[in-house]
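Written below as structure tokens is the structure these notes are about.
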Amino acid sequence: MTQIPPTLPLRALFDAQHSASRQQIDVPLALRRDRLARLKALIDQHGAALSDAVQADFGVRSRQLTEVADLFVLRAAIGQLHKELPHWMKTRRVATPLYLQPASAHIQRQPLGVVGVIGPWNYPLQLNLGPAATALAAGNRVMLKPSELTPHSSALMASLVQGAFSADEFSVVLGGADVAHEFANLPFDHLFFTGSTTVGRKVAAAAAANLTPTTLELGGKSPCIVDASCNLDEAAVKIAHGKLLNAGQTCIAPDYVLLPRGQEAAFERAYTAAVARLFPTIAGNPDYAAIVSDRHHARLQGLLSEATAQGARVVDVAGSAATAQAHPTRQMNPTLVFNPGPGLKLLDEEIFGPILPVVAYDTMDEAIRYINARPRPLALYWFGTDSASRDRVMANTVSGGVSVNDTLMHVAHEGLPFGGVGESGWGAYHGEVGFLRFTQQKPVLVQSRFSMGHLFYPPYGPRFDQIMGLLKRWL
């Protein structure tokens with residue numbers, strides 16, 4: 001491996017990766033697996049330190065939460081990549097139509113070259129190293145720009161990656177918004193972004209100037225539909241878990257609940273009991289993550305203040321677990337908001353916190369219309385036992401992904417593509433879909449010396465018309 005000084009300017013680092021990618025276009029299986037093995041060893045050997053770094057960034061976030069939500073998911077993804085690579089890399093033969101025979105055809109899978117990854121802060125290990133691992137498995141060089149909102153975990157990732165990889169293989173670039181802007185303007189072969197829709201628009205615009213293809217993993221308003229056939233006590237536990245994992249700072253967290261009118265009191269009781277079961281205390285509980293920054297905490301408090309001012313019923317469901325100590329640690333109490341009026345920011349903006357609006361509906365068709373009147377969500381959740389009602393929702397709504405009678409779990413299935421649609425993003429990854437996202441599928445036709453292609457050459461005449469007439473009847 002060519003050693004390149006890690007202090008190279010951003011453009012020089014990109015140029016080094018670009019040059020290396022063009023010098024080694026055919027990246028063998030052994031090298032790809034070696035890169036994955038180095039990444040897994042990095043996680044295995046330094047998992048505790050990485051978890052501690054995430055804890056330092058959030059203020060409160062247990063090592064166990066980072067293990068299950070970041071490191072476990074990463075290990076599963078790397079394991080599948082390592083196992084399936086020989087199959088995914090194979091050239092695919094393609095049947096040749098009669099009018100082109102006896103030619104043969106195949107699709108050759110090749111690396112794109114240099115992939116840029118701009119990662120988020122909410123799951124700073126999984127959502128940064130996961131796309132990077134997939135891009136490496138596809139044979140690419142990778143430059144990663146993690147979030148400046150998680151400086152401890154970003155710096156540790158940069159140090160560990162520098163120790164395990166040549167800079168022209170895989171590098172981590174640190175810095176703030178100015179560095180991110182410069183990063184997005186580099187002429188990558190593919191640019192992968194996870195973050196807000198607002199920033200996603202800027203990334204897409206920057207990439208467009210270089211005709212750089214992008215994958216945008218954004219967010220939005222993910223609905224959770226409670227059907228009339230639902231067992232509220234069972235559903236409330238799963239809804240609370242999906243909403244409060246990482247204190248709601250999850251792109252696929254349920255953003256609002258659509259509830260049959262008249263069940264508000266029953267849902268409030270069930271959700272309160274579920275919160276008490278999952279988080280007996282809030283302040284000081286390491287399993288209940290803090291809001292990542294004072295700015296984000298103030299934004300969430302502002303959403304609640306606006307809702308209260310406009311007449312919504314705001315319910316702090318932490319009960320006796322709520323203490324005055326919660327604010328200094330930015331551990332924000334779980335809250336339900338009933339009767340949220342139109343125009344509230346709670347209903348228009350992605351919440352990214354432990355606030356759950358509850359919107360009542362009278363019929364399932366009304367709930368479907370409510371969803372379809374808004375931008376298409378990254379995730380949709382449905383709870384109930386009425387399969388006809390479930391199928392009607394599945395057939396008449398479009399979302400990035402779905403979990404039925406659960407939340408979040410579809411993202412843990414490596415065989416399912418993960419991605420958004422419309423304002424919740426474009427492009428998907430995970431598993432083979434992710435591998436192909438970072439792969440050029442090059443079509444190749446190999447002509448035979450017995451080709452009859454000359455029959456289609458000019459000058460055209462009666463024989464040409466006769467051949468075309470036969471083909472038209474055959475087609």
Side-chain angles (χ1 to χ4, degrees), residues 1-8 13-14 16-21 23-54 66-67 70-89 110-117 119 123-146 152-174 188-190 192 414 429-432 434-435 437-439:
M1 299 181 295
T2 304
Q3 290 299 320
I4 299 172
T7 55
L8 277 178
L13 179 59
F14 169 81
Q17 289 210 359
H18 185 271
S19 176
S21 73
Q23 291 173 30
Q24 187 184 31
I25 292 175
D26 185 17
V27 182
L29 171 64
L31 179 54
R32 300 185 193 204
R33 279 183 157 174
D34 174 65
R35 289 171 177 169
L36 291 174
R38 278 182 271 156
L39 185 58
K40 184 175 185 298
L42 180 155
I43 294 166
D44 290 342
Q45 294 169 16
H46 303 282
L50 286 164
S51 296
D52 289 344
V54 175
T66 297
E67 174 62 39
D70 279 273
L71 298 177
F72 176 82
V73 177
L74 269 175
R75 291 189 185 98
I78 293 172
Q80 189 204 35
L81 290 167
H82 184 275
K83 176 184 176 183
E84 299 292 347
L85 260 182
H87 172 64
W88 293 346
M89 288 175 63
Q110 294 181 299
L112 292 175
V114 182
V115 172
V117 177
Y123 294 96
L125 307 180
Q126 178 210 150
L127 295 180
N128 282 277
L129 296 178
T134 307
L136 289 170
N140 299 284
R141 313 286 171 140
V142 178
M143 291 174 61
L144 167 64
K145 166 62 178 75
H152 296 88
S153 49
S154 295
L156 183 54
M157 275 192 294
S159 175
L160 294 175
V161 167
Q162 181 183 336
F165 293 87
S166 167
D168 64 357
E169 275 185 310
F170 180 22
S171 292
V172 178
V173 177
L174 302 178
F188 291 108
D189 295 295
H190 194 97
F192 187 101
E414 284 296 322
Y429 72 120
H430 287 193
E432 187 175 13
F435 175 85
R437 194 71 184 165
F438 299 119
T439 296

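Everything numeric in this text was worked out from a predicted model, so none of it was measured. No hydrogens, no waters, no symmetry mates; every other heavy atom, side chains included, goes into these values.
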Rounded to the nearest 0.5 Å, how far does CG of D26 lie from CD of Q110? 7.5 Å
Distance-only, no hydrogens or angles: does the Q162 side chain make a donor-acceptor pair with backbone N or O of S171 under 3.5 Å? no
Quick check: closest heavy atoms across V27 and R32, and the distance to 0.1 Å? O-NE, 2.9 Å
Which atom pair, heavy atoms only, marks the closest approach of V114 to S21? CG2-OG, 3.8 Å
Mind checking whether L174 and P146 have side chains closer than 4.5 Å, heavy atoms only? yes
Does some side-chain heavy atom of R75 sit less than 4.5 Å from a side-chain heavy atom of E67? yes
I'd like to know if E414 pairs up with K83 as an ion pair, taking the criterion as any Lys NZ or Arg NE/NH1/NH2 lying under 4.0 Å from an Asp or Glu carboxylate oxygen. no
F435 vs W88 aromatic rings, parallel, tilted or perpendicular, using cut-offs 30° and 60°? tilted
Donor-acceptor pairs under 3.5 Å, side chain of residues 128-144 to any protein atom, not counting sequence neighbours: which ones?
| from | atom 1 | to | atom 2 | distance (Å) |
| --- | --- | --- | --- | --- |
| N128 | ND2 | P120 | O | 3.2 |
| N128 | ND2 | P124 | O | 2.8 |
| T134 | OG1 | G130 | O | 3.2 |
| N140 | OD1 | L112 | N | 2.8 |
| N140 | OD1 | G113 | N | 2.8 |
| N140 | ND2 | A135 | O | 3.0 |
| N140 | ND2 | F438 | O | 3.0 |
| R141 | NH1 | D168 | O | 3.0 |
| R141 | NH2 | Q24 | OE1 | 3.1 |

With rounding to the nearest 0.5 Å, note down the distance linking CD in Q80 to NE2 in H430. 10.0 Å
From S51 atom OG to L156 atom CG, the distance as rounded to the nearest 0.5 Å: 10.0 Å
Under 3.5 Å, side chain of S19 to main-chain N/O of A16, donor-acceptor pair present? no
In short, A164 meets L42 closest at the heavy-atom pair CB-CD1, 4.4 Å
So CD1 of I78 and NZ of K40: to nearest 0.5 Å the spacing works out to 7.5 Å
Pairwise side-chain contact, D70 with L50, heavy-atom cut-off 4.5 Å (strictly under): no
To the closest 0.5 Å, what do you measure between CG (L125) and CD1 (I43)? 8.0 Å
So, D189 side chain and V115 main chain: donor-acceptor pair closer than 3.5 Å or not? no
So which heavy atom on S153 is nearest to which on V54, and how close? CB-CG2, 4.0 Å
Distance check, rounded to the nearest 0.5 Å: L36 atom CG versus L81 atom CG? 5.5 Å
Is the closest side-chain heavy-atom distance between H190 and R437 below 4.5 Å? yes
For R38 and L31 the tightest heavy-atom approach is NH2-CD1, 4.2 Å
